[in-house]
Amino acid sequence: MSKQGLPKLSKDLLKKGKHFILIRNPTDVLASFDKDVPPTILEIGLAALVTIYIELSDQGNPPTIIDAGELQRDPEG
């Protein structure tokens with residue numbers, strides 16, 4: 001989860017690794033969070049996810065974005 005980022009994670013690892021971001025439909029995310037915690041943009045991790053995307057892109061290593069719904073519908077694709 002993006003909001004649970006590891007502050008001591010090496011920046012070198014971010015530069016060297018291959019990354020992807022798995023996203024879900026926001027209404028699905030909000031529905032699952034509403035059961036336990038009031039959903040906010042910070043709580044559901046969207047702000048952190050955007051930050052991660054920007055950091056990786058600024059390093060010349062933009063992550064692939066995968067929609068969880070599409071992955072479920074067509075795993076091979």
Side-chain angles (χ1 to χ4, degrees):
M1 293 181 61
S2 58
K3 72 174 190 156
Q4 297 172 343
L6 302 172
K8 294 184 180 182
L9 187 65
S10 166
K11 295 292 183 186
D12 287 339
L13 180 61
L14 287 178
K15 290 178 186 175
K16 294 177 185 174
K18 285 191 172 192
H19 306 281
F20 70 92
I21 294 177
L22 181 65
I23 60 170
R24 290 175 55 205
N25 181 316
T27 54
D28 295 339
V29 175
L30 291 174
S32 66
F33 265 83
D34 199 31
K35 294 175 186 173
D36 299 312
V37 181
T40 67
I41 196 162
L42 293 175
E43 184 62 37
I44 63 176
L46 288 178
L49 195 59
V50 169
T51 299
I52 291 167
Y53 180 85
I54 290 169
E55 285 178 7
L56 291 169
S57 295
D58 285 350
Q59 294 172 5
N61 192 13
T64 300
I65 298 175
I66 300 171
D67 182 291
E70 290 182 27
L71 182 62
Q72 287 175 325
R73 284 188 295 279
D74 183 16
E76 293 296 322

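Since the structure is predicted, the reported quantities are computational estimates derived from the model, not experimental observations.
In this structure, E70 has no salt bridge (Lys or Arg N to Asp or Glu O under 4.0 Å) partners at least two apart in sequence or on a different chain.
No continuous path of hydrophobic side-chain contacts links V50 to I65 [ILVMFWY only; heavy atoms under 4.5 Å].
The structure places CG of L56 at 10.5 Å from OG1 of T64, a figure rounded to the nearest 0.5 Å. In this structure, CD in E76 is found 10.0 Å from CG in L71, a value given to the nearest 0.5 Å. Distance check: H19 NE2 to E55 CD gives 10.5 Å after rounding to the nearest 0.5 Å.
Between Y53 and P63, the shortest heavy-atom contact is CD1-CG, 3.5 Å. Residues L49 and I21 come closest through the heavy atom pair CD1-CG2, 3.4 Å.
Remark: the backbone N or O of G17 is paired with a side-chain donor or acceptor of N61 at under 3.5 angstrom.
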